[in-house]
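Because the structure is predicted, anything quoted here is derived from the model rather than measured.
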Amino acid sequence: MDMTVSFAGLTLDNPIMTASGTFGYGVEYMRFGDLERLGALVVKGLSLAPRRGNPMPRIAETPAGMLNAIGLQNIGAREFVEKRLPSLPWSRTPVIANLYACAAEEFGDLAAYLAEQPGVAALEVNISCPNVSEGGILFGQDPRLAARVTEAVKRRAGAKPVMVKLTPNVTDIADMARAVQDAGADALSLINTLSGMAVDARTRRPRLANVIGGLSGPAIKPVALRCVWQVCRAVSIPVIGIGGIASAEDVLEFILVGATAVQVGTANFIRPDLAFRLVDELPALCAALGVDSWDTYRGSLKA
Amino acid sequence: MDMTVSFAGLTLDNPIMTASGTFGYGVEYMRFGDLERLGALVVKGLSLAPRRGNPMPRIAETPAGMLNAIGLQNIGAREFVEKRLPSLPWSRTPVIANLYACAAEEFGDLAAYLAEQPGVAALEVNISCPNVSEGGILFGQDPRLAARVTEAVKRRAGAKPVMVKLTPNVTDIADMARAVQDAGADALSLINTLSGMAVDARTRRPRLANVIGGLSGPAIKPVALRCVWQVCRAVSIPVIGIGGIASAEDVLEFILVGATAVQVGTANFIRPDLAFRLVDELPALCAALGVDSWDTYRGSLKA
Amino acid sequence: MFANACQDVTVRRLTRLGAGGAQGDFFELALDFPGAGDTAWARWRPGQFVMIRPESFGLDPLMGRPFSIARADEEHGVCVCFQVVGRGTAKLAALEPGDRVAMWGPLGNAFAARPGAPTLLLAGGIGIAPFLEYVKRHSSAADLRLVFGHRPPLDCYPFAEMAALAACEAHRETCPEDLHAFIALLGEVIPQYCPDGLILACGPLPFLRTVGRLAGEAGGRAQLSLENRMACGIGACLGCVTEHKEHGPLSVCARGPVFWSDEITL
Amino acid sequence: MFANACQDVTVRRLTRLGAGGAQGDFFELALDFPGAGDTAWARWRPGQFVMIRPESFGLDPLMGRPFSIARADEEHGVCVCFQVVGRGTAKLAALEPGDRVAMWGPLGNAFAARPGAPTLLLAGGIGIAPFLEYVKRHSSAADLRLVFGHRPPLDCYPFAEMAALAACEAHRETCPEDLHAFIALLGEVIPQYCPDGLILACGPLPFLRTVGRLAGEAGGRAQLSLENRMACGIGACLGCVTEHKEHGPLSVCARGPVFWSDEITL
Ligand SMILES: Cc1cc2nc3c(=O)[nH]c(=O)nc-3n(C[C@H](O)[C@H](O)[C@H](O)COP(=O)(O)OP(=O)(O)OC[C@H]3O[C@@H](n4cnc5c(N)ncnc54)[C@H](O)[C@@H]3O)c2cc1C
Ligand SMILES: Cc1cc2nc3c(=O)[nH]c(=O)nc-3n(C[C@H](O)[C@H](O)[C@H](O)COP(=O)(O)OP(=O)(O)OC[C@H]3O[C@@H](n4cnc5c(N)ncnc54)[C@H](O)[C@@H]3O)c2cc1C
Ligand SMILES: Cc1cc2nc3c(=O)[nH]c(=O)nc-3n(C[C@H](O)[C@H](O)[C@H](O)COP(=O)(O)O)c2cc1C
Ligand SMILES: Cc1cc2nc3c(=O)[nH]c(=O)nc-3n(C[C@H](O)[C@H](O)[C@H](O)COP(=O)(O)O)c2cc1C
Ligand code: FES
Ligand code: FES
């Protein structure tokens, strides 16, 4: 079948993207597969100025998942654009920049800078990073704040599509989704990590220096599917499914509940060529399961 | 060391209880261990009238966890009191009734009936069951509604301690905890299940007839620890930790972040004698880790 | 001493049944017999099952897996026959002698046994497992007949052993016509045991539905062994219920797995 | 053809080192060498590591595990020596020939090699692993000395093989005094290689700190191989960073694991 998916003005060869923060700046994965084979590439969250991130330790393994509190360490938008982006196959494969800021105006400035780069196909706004103490969590947990950021980014993004990435750490994610849609978002991506924590009973210390971190990986897939399902029923803009995807079957599950495309996150750490393998495996699985077009399969859950 | 814990007027031989809905009415586990060895026993959620629960399928396995949408099937409070409670060792081991209702007054009536039973040591109010469509979810997701239920139960519970069980499916669980504390709760238990979903990409059907269910098991332990930690810092009443506990080390982790006692839930399905094994293993683990009193260990996380 | 019905036992033996591969992977697993002193095990009856959870499951997969007891005594150990259908059974298939397994049981009720009464055993696929011991114990029955429908080759199942003891016939389905022929056969045989004989069936759900319907149409009923997905296996989680016409939802693990076809809605 | 640096390889051999049990469980694991044509593997250097993730991990534990490459060539395969410290290494210890393992590498930088320069290798425990090949390649060095501190018996480590090639001395710690004596020894030996010799160290963090401090006090510096917990192993997740005095947090997997002691803050 035709694997192509289109949304928000983007056309992807297949629905498999990589999730922000789990695929570096893309270049790290060139040894493991041909980046052009991916549907799209979402790079590590970028801020206006470089950020040092949180103190160590920053990661901890949990049952079928992991916690991270990287704290948005990144080289800054300019360094990315000048030093990394040129190496990426952006003219063939959409490269999506993930935006992180601590204030609506800052989000706007960042959006303006990134949107004017020919190599950046779309913007994904991280309003939900649970790792940073400077207020990032608030945008994603309050519909009005989320709408404000969305508007700020939209205003400065020119013709570039704006995706807003939602956090599951809210009472009503559909409510957040509607607010962001109404504020002009072209697409939604969800979910970001679940707020979680791990401790060492022996040393009596938290396993993350930041104490609280973001839970990701297969463990959270049921929560992610539920969020995507709820949001797809609440909004009319395209939804990108994220959370625990580790197999081609997982990809289909997210499309079945309504996602237009997906992002592979933590599973990139299961093995660095995993996203490429899923791209390879997906057509055969579709054939085996009688999926013959995305348009008929998407959201076709018999519920 | 002395394993005894006391809270809300109850004294337990050890901090290990069983979680509602995962230990039947207690009697089912008599073949697997001596119920008197448990710290306390929380039985399946009871309603005033018997309930048939949700259609099948009701359970699905997920990575390091499971989803359930039992829908509060239960024999009703009266049948429990008359037919099951007499077989339990309630005179030696606290038996805690878990209450489920769809309206505040109904909660009150249920509380009044159960509180007057000598065999019922305490009431645990389930305001957070995500499986039932008749509004159960709302109590636990709105501080005012949660407070109202707490008050309704407290008013009718006489001298029996009232524990309120919180759902993690909220933006701010500390906020919920404060509201419930202010409404008179004697203790809090958390967490109930995370709202989740699973689907079958081949049949295109949800894996639960109810579509959405509650995620539990080791997968959610990081979320549970985070919630307990946040709530312990927000309230002064005792907190009972629940969520993914499957080893003696897990028990200590919850106490380390502030829990007074814990409940073992889904892990009872890993093996039916698991809770008894944890009771056996805990003293040796405490010795090995240099834990010599609950009072000094509880909440001693170096964060 | 308190006899915990959940035990850590070790794997005695894992034997492949049949050739494996594209035909499907089938095994017989023999576990240590949990003590002759344990009266529950001395009294087990065909139709009962065990929950099995190898240490190698770790935290994922989470739940134990239910299997009919194919035989259980000091000599053979506790034996189950299983087919690899998913990741749990795949991990079972990787077990080795000496590996540790948590096992709880015997669980559930059992098939009825009416010595002297004409008894028809209907098995679909790996649903033949509980009948191995049934045939052994009741082969003296005046009229014990086993009708077995299967798709993978016959040597994937413990069939030969049973055929030596009682009237056993196997029908292989390799195309849709075979299935129709098999259903037609059931339609002929079942009425012969209605209303006075005993009809016991174990196999996939559509097979059980057919058996129940045919027995009902012939004015009789059958005992059906259900294979609902289970978590606890002991009646605690209420995850495995089936709809009983009189009592409402009943847990298959504790009130079954064997039910009379006319008493439940499948 | 595109050379994927992540490969599915099979286990060739798993050999226990030492007696195991209370002394600690140590193994050498040999995996298939991923193709002679792969130039990255032809060029690997001691100090580099591989990420290993057996299929048996399933979804839990989730992440691969990093191990120093002890040797790697067509003849021996890719070999790592490891100690069982948790559930990942426990699953590695259960591997059998023929089992499938995902492996990506060679990863990271490597220890410096300065033919002719007096070179001091300092190893703590299983941190000796990367020096096996180092000694082989550089044993001709005028002055190559290895000082090895360990607690479990010497036969838990690939020490004998190295001792045959270069000046290697082992110091076992069985009580706190032994540790003090070992640190005192380091305090004597390290200055002999400062500032002109090459000092390379691999082992537990406190050991590395001591080495770095002693070298600094003697006006020199050492190369330290860090063992931060890793997720991706390739510089993508930023989970494994160490604080570099000039560049800020650097990923140990991609910019290390070997760093100059005076350039980082441990
Ligand atoms: C009382 C009882 C007795 C049983 N006796 C036997 C036996 O003797 N031999 C034998 O081979 N099997 C038997 N089964 C079925 C066996 O328990 C399942 O095949 C097994 O649990 C599957 O585990 P898995 O992890 O390999 O499959 P999973 O990975 O969990 O699932 C694989 C596929 O099988 C389906 N599946 C899994 N379990 C069930 C189930 N219980 N019912 C319906 N579909 C299911 C899933 O939906 C999925 O499509 C019995 C089941 C019950 C309840
Ligand atoms: C570059 C590099 C090279 C390595 N080379 C070797 C080697 O050659 N041989 C060898 O035996 N080990 C080596 N290690 C360490 C090895 O990776 C860990 O021992 C292993 O990952 C532990 O996995 P586990 O699942 O058994 O332990 P877990 O169950 O994950 O953890 C068990 C205990 O070990 C601690 N731990 C686990 N990993 C690390 C770590 N990376 N740093 C500090 N503490 C840790 C945990 O905090 C916990 O207390 C190396 C590590 C790195 C980063
Ligand atoms: C190590 C790590 C770093 C991440 N960094 C970012 C980030 O910079 N921006 C962002 O929007 N999401 C970030 N995420 C969240 C992921 O993009 C993804 O939403 C989440 O992990 C859930 O998907 P998964 O379960 O497939 O990993 C990060 C996740 C991980 C594990
Ligand atoms: C099958 C099942 C049934 C449950 N039924 C109830 C219930 O009746 N009342 C209630 O308050 N919680 C119920 N719970 C929630 C558990 O008590 C517990 O809060 C939750 O599962 C998290 O703990 P765990 O991860 O240890 O299972 C149920 C959980 C499961 C898995
Ligand atoms: S499996 Fe739990 S009640 Fe049957
Ligand atoms: S382990 Fe991911 S950056 Fe080093």
[atom1]/[X] to [atom2]/[Y] distance, rounded to the nearest 0.5 angstrom?
{"X": "C:Leu238", "Y": "B:Gln73", "atom1": "CG", "atom2": "CD", "answer": "4.5 Å"}
{"X": "B:Ile59", "Y": "C:Cys237", "atom1": "CD1", "atom2": "SG", "answer": "5.0 Å"}
{"X": "B:Arg31", "Y": "C:Leu107", "atom1": "CZ", "atom2": "CG", "answer": "5.5 Å"}

When only pairs under 4.5 Å are counted, which of [options] shares the most heavy-atom pairs with chain C?
{"options": "B:Phe269, B:Phe276, B:Phe32", "value": "B:Phe32"}
{"options": "B:Met30, B:Met66, B:Glu28", "value": "B:Glu28"}
{"options": "B:Pro63, B:Gly33, B:Gly21", "value": "B:Gly33"}

C:Asp8 to B:Arg277 - nearest heavy-atom pair and separation: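 Looks like OD2-NH1, 3.2 Å.
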Is B:Arg52 reaching over with its side chain to a backbone N or O of C:Gly248, donor-acceptor style, under 3.5 angstrom?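 Side chain of B:Arg52 to backbone of C:Gly248, a donor-acceptor pair under 3.5 Å: no, none is there.
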What residue, out of C:Pro249, C:Ala231, C:Gly235, has the most heavy-atom pairs lying under 4.5 Å from chain B?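 Looking at each of C:Pro249, C:Ala231, C:Gly235 in turn, C:Pro249 comes out on top.
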Go through C:Ala254, C:Gly233, C:Cys240, C:Ser251 and name the one with the most non-hydrogen pairs under 4.5 angstrom from chain B.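 Max contact count across the listed options: C:Cys240.
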Is the closest side-chain heavy-atom distance between [X] and [Y] below 4.5 Å?
{"X": "B:Glu61", "Y": "C:Arg229", "answer": "yes"}
{"X": "C:Asn4", "Y": "B:Arg271", "answer": "no"}
{"X": "B:Met56", "Y": "C:Thr242", "answer": "no"}

Do other residues, nucleotides or ligands put more than 12 heavy atoms under 6.0 Å from the [atom1] atom of [X]?
{"X": "C:Arg151", "atom1": "CZ", "result": "no"}
{"X": "C:Arg137", "atom1": "CZ", "result": "yes"}
{"X": "B:Arg37", "atom1": "CZ", "result": "yes"}

Measure distances from B:Arg207 to the heavy atoms of chain C and classify the residue's part below 4.5 Å as side chain, backbone, both or neither.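 For B:Arg207, neither part sits under 4.5 Å from chain C.
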Between B:Phe23 and chain C, which part of the residue has a heavy atom less than 4.5 Å away: side chain, backbone, both or neither?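 Answer is backbone: N, CA, C or O of B:Phe23 sit under 4.5 Å from chain C.
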Tell me the residues of residues 44-64 of chain C whose non-hydrogen atoms fall below 4.5 Å from those of chain B, in number order.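 Contacts with chain B: C:Arg53, C:Leu59, C:Asp60, C:Pro61, C:Leu62, C:Met63, C:Gly64.
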Any chance you could lay out the side-chain contact (heavy atoms from CB on, under 4.5 Å) test for C:Trp104 and B:Asp273, step after step, and finish with the verdict? CA-CA 9 Å; C:Trp104 53 109; B:Asp273 59 356; over 6 Å; no
Run the numbers on C:Cys232 and B:Tyr29 for side-chain contact (heavy atoms from CB on, under 4.5 Å), then give the verdict. CA-CA 10 Å; C:Cys232 68; B:Tyr29 285 84; 4.3 Å; yes
Contact origin within C:Met230 toward chain B - heavy atom pairs under 4.5 Å: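 Just the backbone, heavy atoms under 4.5 Å.
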